[in-house]
Student: 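Structure in structure tokens, see below.
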Amino acid sequence: MERLRVEFTTEPFDLDEAPAHAVVAREVIQAAQLDAVDVGPFGNTAEGGADEVLTAVDALLRRALKAGATRVSLQINVIGEGEK
């Protein structure tokens, strides 16, 4: 099965405190059946099987928008064998 890497950010940014939409998005990714999860203040990445990544992205979009995100930027890449 294909492996995918997702990179995402949510907006609006708040440098003083993580907004609810950012917290929710990170919680979704951290709770998903993904590996190589890296969350940070300016971007987040995770890798996993195609089905797991796409399921997590669906939940991430729905929950982050419901929590007040006005923009979600994401990129999904197919990872070749041996690529990390």
Side-chain angles (χ1 to χ4, degrees):
M1 167 144 307
E2 285 187 333
R3 286 184 54 80
L4 301 177
R5 176 183 301 125
V6 60
E7 302 174 46
F8 68 93
T9 58
T10 61
E11 296 179 37
F13 294 113
D14 183 341
L15 296 178
D16 294 327
E17 163 180 345
H21 58 80
V23 172
V24 164
R26 290 178 189 150
E27 287 173 351
V28 168
I29 289 300
Q30 290 173 325
Q33 297 293 319
L34 303 176
D35 47 59
V37 175
D38 183 22
V39 297
F42 300 108
N44 309 281
T45 61
E47 297 177 9
D51 287 340
E52 291 79 12
V53 169
L54 296 174
T55 297
V57 166
D58 177 66
L60 179 151
L61 292 171
R62 292 175 188 279
R63 293 191 53 204
L65 292 169
K66 187 174 182 179
T70 57
R71 179 179 181 152
V72 179
S73 301
L74 65 93
Q75 180 173 318
I76 297 177
N77 295 306
V78 175
I79 302 171
E81 283 191 36
E83 182 183 345
K84 284 240 175 189

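All residue numbers refer to positions in the sequence shown, counting from 1. Note that the coordinates shown come from a computational prediction; the quantities given were computed from them, not determined experimentally.
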Student: Which heavy-atom pair separates Val37 from Ala46 by the least distance, and what is that distance?
Tutor: CG2-CB, 3.9 Å
Student: List the atom of Glu47, the atom of Val53, and the distance in Å for their closest heavy-atom pair.
Tutor: C-CG2, 4.2 Å
Student: List the atom pairs, with distances to 0.1 Å, where a side-chain N or O of residues 7-17 and a protein N or O form a donor-acceptor pair under 3.5 Å, not counting sequence neighbours.
Tutor:
{"from": "Thr10", "atom 1": "OG1", "to": "His21", "atom 2": "ND1", "distance (Å)": "2.9"}
{"from": "Asp14", "atom 1": "OD1", "to": "Asp16", "atom 2": "N", "distance (Å)": "2.9"}
{"from": "Asp14", "atom 1": "OD1", "to": "Glu17", "atom 2": "N", "distance (Å)": "3.4"}

Student: Do the side chains of Leu34 and Leu74 join up, straight or via other hydrophobic residues, at under 4.5 Å, putting them in one cluster?
Tutor: yes
Student: Please determine whether a side-chain nitrogen of the Lys or Arg among Arg63 and Asp58 lies less than 4.0 Å from a carboxylate oxygen of the Asp or Glu.
Tutor: no
Student: In this structure, are over 12 heavy atoms from other groups packed under 6.0 Å from Gln33 atom CD?
Tutor: no
Student: If I compare all heavy atoms of Asp35 with all of Gly48, which pair ends up nearest, and what's the gap?
Tutor: OD1-N, 4.3 Å
Student: With sequence neighbours left out, what residues match Ala59 under side chain to side chain contact (heavy atoms under 4.5 Å, CB included)?
Tutor: Val28
Student: Mind checking what makes side chain to side chain contact (heavy atoms under 4.5 Å, CB included) contact with Leu54, not counting sequence neighbours?
Tutor: Leu4, Ile76
Student: To the nearest 0.5 Å, tell me how far Leu60 CG sits from Asn44 CG.
Tutor: 8.5 Å
Student: Report the C-alpha separation of Val78 and Arg3 in whole Å, then their side-chain angles, then the decisive distance to 0.1 Å, and conclude whether the side-chain contact (heavy atoms from CB on, under 4.5 Å) test is met.
Tutor: CA-CA 6 Å; Val78 175; Arg3 286 184 54 80; over 6 Å; no
Student: List the atom of Ala56, the atom of Ile29, and the distance in Å for their closest heavy-atom pair.
Tutor: CB-CD1, 4.1 Å
Student: At what distance, to the nearest 0.5 angstrom, does CZ of Arg5 lie from CD1 of Ile79?
Tutor: 4.5 Å
